[in-house]
K.L.:
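Have a look at the structure that comes next, please.
Atom set for the values below is all heavy atoms of this structure, side chains included, hydrogens, waters and symmetry mates excluded. Note that the coordinates shown come from a computational prediction; the quantities given were computed from them, not determined experimentally. Chain naming here is simple, since letters A, B, ... match the order of the sequence lines and numbering starts at 1 in each.
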Amino acid sequence: MDFERLKRIQEDLARKACFRPLQREIRVVAGMDVAYSRNSERAYPAMVLMRWPDLELLEEITLLESVNFPYIPGYLSFREVPLLKAVVARVAQRPDLIFVDGQGLAHPRRAGLAVHLGVELGLPTIGCAKRPLAGEFVWPEEHFGATSPILFHKEVVGYVLRSRKGVKPIFVSPGNLITPEEALDYTLRALKGFRLPEPLRKAHLLSVKARKSHEG
DNA sequence: GCGACAG
DNA sequence: ATCTTGTCGC
Ligand SMILES: [Mg+2]
């Protein structure tokens, strides 16, 4: 594994990423996730499209792909971006914003999964991870909606968000064409009583359903 | 060298 | 991520 080369790619992605306010109006959002076979040889990437802001389901897509890269902390995007892009290529309508299951800017080289996917697609993306990877933070209060900034080199790269009272918070950071504050705002508005924003929660269920229908 | 370490 | 059943509670 040529990590030096992969690092250079990530540094390039980080340079290309943009963290300025959303430009276009958001009318359709998407959520994407990937489920794997027991031995991780096959992957079931999935995408759900929902109308914004009412989150009415518009479209669901899943694929069966072979996995060509191992999971290595800090390099997740090289494993999942190819799978996610294959799904996006088959969707009828291109979303205005995509929620991704992983980090965005809150990454050792500012190039998390949401950054990588967002730059390659040229679309706004938000990373919502279930666990931290990089940056400093304090755990937010226990009440719903509590937040605390994620600092990396003294800079705010995202927010820890208590998406459900008394439940482990999620780690929100921008991926591309959106600010950390907007990423937090859109994530909050996509919450519907569960730990993960609806687009991500539904994408996860869909990918698991696809795997179950194809294998045991 | 040791511990941490998205999915 | 996946492997697993019931069980407890913000
Ligand atoms: Mg995932």
Side-chain angles (χ1 to χ4, degrees), chain A residues 1 3 6-7 10 13-14 17 31-47 62 64-87 98-118 125-137 139-146 150 152 157-176 180 183 187 191 193-197 199-201 203-216:
Chain A
M1 198 67 66
F3 289 104
L6 298 181
K7 285 180 187 173
Q10 293 183 320
L13 287 166
M32 303 191 80
D33 192 23
V34 185
Y36 298 88
S37 58
R38 172 177 292 199
N39 58 20
S40 291
E41 286 182 351
R42 294 172 299 288
Y44 297 82
M47 172 184 219
T62 63
L64 198 192
E65 297 283 309
S66 61
V67 178
N68 300 305
F69 200 93
Y71 167 64
I72 302 171
Y75 300 87
L76 171 66
S77 71
F78 294 103
R79 177 183 175 83
E80 299 200 334
V81 163
L83 306 172
L84 300 178
K85 285 182 69 178
V87 176
I98 303 176
F99 284 92
V100 180
D101 183 35
Q103 313 289 347
L105 227 199
H107 176 281
R109 285 167 292 286
R110 303 169 187 272
L113 178 59
V115 169
H116 194 154
L117 184 68
T125 54
I126 295 174
C128 290
K130 298 178 286 298
R131 301 187 301 185
L133 175 66
E136 303 175 356
F137 65 90
W139 295 92
E141 309 278 294
E142 294 291 314
H143 68 268
F144 170 79
I150 298 174
F152 188 63
V157 295
Y159 292 90
V160 185
L161 167 64
R162 189 75 68 176
S163 53
R164 280 195 74 180
K165 179 176 185 174
V167 169
K168 183 183 222 186
I170 58 178
F171 301 76
V172 182
S173 61
N176 190 36
T187 297
L191 290 174
F194 296 90
R195 186 188 178 211
L196 296 178
L200 270 186
R201 192 176 76 84
H204 180 260
L205 292 175
L206 181 61
S207 65
V208 170
K209 186 172 73 174
R211 180 189 64 202
K212 286 182 177 174
S213 66
H214 191 80
E215 349 205 321

K.L.:
Answer whether the closest heavy-atom distance between the side chains of A:L105 and A:P174 falls below 4.5 Å.
P.N.:
yes
K.L.:
Please enumerate all residues that pass side chain to side chain contact (heavy atoms under 4.5 Å, CB included) together with A:K212, with sequence neighbours excluded.
P.N.:
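Here the qualifying residues are A:V208.
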K.L.:
Just the dot-bracket of DNA chain C, please: which string comes out with Watson-Crick or G-U pairs under 3.5 Å, [ ] for crossing, | for another strand?
P.N.:
..........
K.L.:
For a 4.0 angstrom threshold against heavy atoms of chain A, report the outermost contacting nucleotides of DNA chain B in 5' to 3' order.
P.N.:
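Answer, 5' to 3': B:dC5 to B:dG7.
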K.L.:
Nearest heavy atom decides the nucleotide; on that basis, is A:D101 or A:R38 closer to the 5' end of DNA chain C?
P.N.:
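Counting from the 5' end, the first nearest nucleotide belongs to A:D101.
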K.L.:
Do you know which two heavy atoms are closest between A:T125 and A:G118, and how far apart they sit?
P.N.:
CG2-CA, 3.5 Å
K.L.:
Taking A:R42 first and then A:E215, would you say they form a salt bridge - that is, a charged N and a carboxylate O separated by under 4.0 Å?
P.N.:
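Yes, charged N to carboxylate O under 4.0 Å.
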K.L.:
For A:D33, answer base if it contacts any base atom (sugar-phosphate contacts may also be present), sugar-phosphate if it contacts only those atoms, and nothing otherwise; contact means non-hydrogen atoms under 4.0 Å.
P.N.:
sugar-phosphate
K.L.:
Going 5' to 3' along DNA chain C, between which two nucleotides do contacts with chain A fall, using a heavy-atom cut-off of 4.0 Å?
P.N.:
C:dA1 to C:dC10
K.L.:
Once you apply a heavy-atom cut-off of 4.0 Å, does A:F78 come out as touching a base, just sugar-phosphate, or nothing?
P.N.:
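Here A:F78 touches no strand at all.
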K.L.:
For A:E142, give me all partners under side chain to side chain contact (heavy atoms under 4.5 Å, CB included), at least two apart in sequence or on another chain.
P.N.:
A:R162
K.L.:
Select base, sugar-phosphate, or nothing to describe what A:A106 touches, counting heavy atoms under 4.0 Å on all strands.
P.N.:
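If one applies the 4.0 Å heavy-atom cut-off, A:A106 turns out to touch nothing in the nucleic acid.
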K.L.:
A:Y159: which residues meet the ring-ring contact (aromatic ring centres under 6.0 Å, His included) condition with it, sequence neighbours left out?
P.N.:
none
K.L.:
Who passes side chain to side chain contact (heavy atoms under 4.5 Å, CB included) against A:D101, sequence neighbours left out?
P.N.:
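Per chain and number, A:D101 pairs via side chain to side chain contact (heavy atoms under 4.5 Å, CB included) with A:D33, A:K130, A:L200.
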K.L.:
Going by the rule ring-ring contact (aromatic ring centres under 6.0 Å, His included), which residues pair with A:Y75 if we only count those two or more places apart in sequence or in a different chain?
P.N.:
A:F3
K.L.:
Taking C-beta and beyond as the side chain, do A:L161 and A:P169 meet within less than 4.5 Å on heavy atoms?
P.N.:
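No, too far: nothing below the 4.5 Å cut-off.
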K.L.:
If you assign A:V167 and A:A35 each to the DNA chain C nucleotide with the nearest heavy atom, which residue ends up on the more 5' nucleotide?
P.N.:
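Closer to the 5' end of DNA chain C: A:A35.
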K.L.:
Compute the ring centroids of A:F152 and A:H107, then answer whether they are less than 6.0 Å apart.
P.N.:
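No - the distance between ring centres of A:F152 and A:H107 does not fall below the 6.0 Å cut-off.
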K.L.:
Mind checking what makes side chain to side chain contact (heavy atoms under 4.5 Å, CB included) contact with A:A210, not counting sequence neighbours?
P.N.:
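Once residues adjacent in sequence are excluded, the partners of A:A210 under the side chain to side chain contact (heavy atoms under 4.5 Å, CB included) criterion are A:Y44, A:T62.
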K.L.:
Let me have DNA chain B in dot-bracket notation, would you? Count Watson-Crick plus G-U wobble pairs, both distances under 3.5 Å, and use [ ] for pairs crossing earlier ones and | for inter-strand partners.
P.N.:
.......
K.L.:
Quick check on contacts: within residues 127-135 of chain A, what sits under 4.0 Å from DNA chain B by heavy-atom distance?
P.N.:
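The stretch gives A:A129, A:K130, A:R131, A:P132, A:L133 as the residues lying under 4.0 Å from the strand, ordered by number.
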K.L.:
Show which side-chain atoms of residues 65-73 of chain A pair as donor or acceptor with protein atoms under 3.5 Å away, not counting sequence neighbours.
P.N.:
none

K.L.:
Looking at A:P197 and A:C128, what are the two nearest heavy atoms and their distance?
P.N.:
CG-SG, 4.1 Å
K.L.:
Quick one: label A:Y36 by what it contacts on the DNA or RNA (base, sugar-phosphate, nothing), any heavy atom closer than 4.0 Å.
P.N.:
sugar-phosphate
